[in-house]
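I have placed the structure first, in the form of structure tokens, so that the comments after it can refer back to it.
Both backbone and side-chain heavy atoms feed into the values below; hydrogens, waters and symmetry mates do not.
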Amino acid sequence: TALIALSFLSCSTGQGGQTGAEVTVSLSSDRSSILADNTTAATFTVVDNSTSTDVTAQSVIYLSSADGNTALTTNAFSTGTPGSYTFYAEYNGVRSQDISIRAIDLDQETIAGISLHVSKTRIYSDGGDFAVFTLKDADGNDVTDLGQFFVDGKPIEGNRFGTKEGSLTPRTVSAEIGSIKIPDTESVTASSSVGFTPRALLE
């Protein structure tokens with residue numbers, strides 16, 4: 001009985017089948033959303049978790065669909081068709097977890113449905129406190145990866161804002177996707193005077 005069980009655990013179906021052994025391969029992407037413009041691409045990385053080694057070059061990445069699984073010829077994916085796409089990777093017969101990439105089309109309806117969110121509207125102007133900006137579409141999907149964010153009309157790197165310049169005047173936060181402005185705006189105040197909530201600590 002022990003021999004049969006051990007043999008079962010060592011089996012791997014390959015080509016999209018789940019491995020019976022513990023999964024030791026992980027698949028990740030540099031973005032969770034792309035533009036459906038045949039240009040914007042998501043780049044995949046495959047890691048052997050047992051050795052923390054990048055094995056992307058030795059792996060096969062598959063696009064999974066109801067019509068079957070298609071192997072990608074590179075570790076990047078772009079498309080001209082909007083929708084949600086599911087991928088997994090195989091390395092030495094071991095399958096990774098599934099991840100999803102969403103491709104969106106920048107029509108007026110889509111843009112109108114995208115909302116801008118800030119993690120907090122007041123930060124301490126010490127250069128170490130940050131407000132984080134995110135974008136979500138009408139269905140609640142995160143499309144932050146596609147955004148270029150602005151504070152008072154000036155572009156910032158990434159989606160975090162911190163400053164050492166304090167002011168009681170709120171900063172206006174805005175965003176663009178593919179040079180198209182998102183209708184939503186938010187505001188963040190960076191001040192050297194922040195009210196703290198007292199808490200009791202009992203040891």
Side-chain angles (χ1 to χ4, degrees), residues 12-20 22-49 54-119 132-150 157-160 173-186:
S12 175
T13 59
Q15 292 294 315
Q18 292 284 3
T19 175
E22 181 182 355
V23 175
T24 59
V25 174
S26 62
L27 174 66
S28 62
S29 171
D30 64 344
R31 55 178 62 207
S32 59
S33 53
I34 60 175
L35 294 178
D37 58 1
N38 285 315
T39 301
T40 309
T43 302
F44 301 105
T45 301
V46 185
V47 173
D48 180 348
N49 295 328
D54 186 329
V55 293
T56 307
Q58 295 79 40
S59 304
V60 180
I61 301 170
Y62 292 91
L63 168 62
S64 181
S65 69
D67 298 328
N69 304 320
T70 305
L72 303 185
T73 56
T74 68
N75 69 321
F77 172 75
S78 62
T79 182
T81 305
S84 182
Y85 297 84
T86 301
F87 302 87
Y88 66 90
E90 283 191 356
Y91 169 69
N92 283 348
V94 179
R95 173 174 169 159
S96 73
Q97 85 288 9
D98 292 345
I99 65 171
S100 295
I101 304 294
R102 184 173 176 81
I104 69 169
D105 189 10
L106 286 184
D107 55 28
Q108 292 300 319
E109 183 178 355
T110 301
I111 289 296
I114 293 178
S115 55
L116 171 64
H117 304 268
V118 298
S119 61
V132 180
F133 310 141
T134 54
L135 295 173
K136 292 187 178 181
D137 65 13
D139 297 322
N141 299 298
D142 192 312
V143 292
T144 305
D145 293 336
L146 302 178
Q148 168 64 64
F149 296 92
F150 301 82
E157 184 176 350
N159 65 324
R160 296 197 314 168
V173 181
S174 58
E176 293 181 357
I177 293 181
S179 298
I180 300 178
K181 290 185 177 181
I182 303 301
D184 257 359
T185 60
E186 292 285 351

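Looking only at distances, no side-chain donor or acceptor of Asp98 sits under 3.5 Å from a matching main-chain atom of Thr86. With Asp105 contributing its side chain and Ala36 its backbone, the two residues share no donor-acceptor pair below 3.5 Å. Looking only at distances, a side-chain donor or acceptor of Asn75 sits under 3.5 Å from a matching main-chain atom of Phe44.
Between Ile182 and Ile111, some side-chain heavy-atom pair lies under the 4.5 Å cut-off. Here the side chains of Leu146 and Leu135 are not in contact, with every heavy-atom distance at 4.5 Å or above. Taking the side chain as every heavy atom from C-beta outward, Val25 and Arg95 never approach each other to under 4.5 Å. Side-chain contact between Leu72 and Leu63 is present, with at least one heavy-atom pair separated by less than 4.5 Å.
The two atoms that bring Gly158 and Phe149 nearest to each other are O-CD1, 3.6 Å, heavy atoms only. Nearest heavy atom pair, residue Ala41 against residue Ile34, reads C-CG2, 3.9 Å. Summarising the geometry of Gly178 relative to Leu106, their closest heavy-atom pair is CA-CD1, 4.1 Å, with the distance given to 0.1 Å. Here the closest heavy-atom approach between residue Ser179 and residue Glu176 is recorded as CA-OE1, 3.6 Å. Heavy-atom minimum distance, Thr81 versus Ala103: O-CB, 3.8 Å. The two residues Ala71 and Val60 make their nearest non-hydrogen contact at CB-CG1, 3.8 Å.
Tyr85 pairs by the ring-ring contact (aromatic ring centres under 6.0 Å, His included) definition with Phe77, not counting sequence neighbours. Taking the side chain to side chain contact (heavy atoms under 4.5 Å, CB included) definition, one finds that Val55 meets it with Val46, Asp48, Thr53, Gln58, Ser59, Tyr91, sequence neighbours left out.
In this structure, the separation between CZ on Phe150 and NZ on Lys181 is 8.0 Å, given to the nearest 0.5 Å. Here the CG-CG distance, from Asn159 to Leu116, works out to 10.5 Å after rounding to the nearest 0.5 Å. One finds the NZ atom of Lys136 at 12.5 Å from the OG atom of Ser33 (value rounded to the nearest 0.5 Å). A distance of 11.0 Å separates CG in Leu35 from OG in Ser78, rounded to the nearest 0.5 Å. Taken to the nearest 0.5 Å, the CD1 atom of Ile104 stands 6.5 Å off from the OG1 atom of Thr110.
Between Tyr88 and Tyr62, the ring planes are parallel. Angles under 30° get that label, and only those over 60° would be called perpendicular.
The salt bridge (Lys or Arg N to Asp or Glu O under 4.0 Å) test with Arg102 singles out one residue from Asp142, Asp139, Asp145, and that residue is Asp139.
Side chains of Asn49 and Ser26: a donor on one and an acceptor on the other come within 3.5 Å. For Ser64 and Asn69, the side-chain atoms include at least one donor-acceptor pair closer than 3.5 Å. Using a 3.5 Å distance cut-off with no hydrogens or angles, the side chains of Asp54 and Thr56 do pair a donor with an acceptor.
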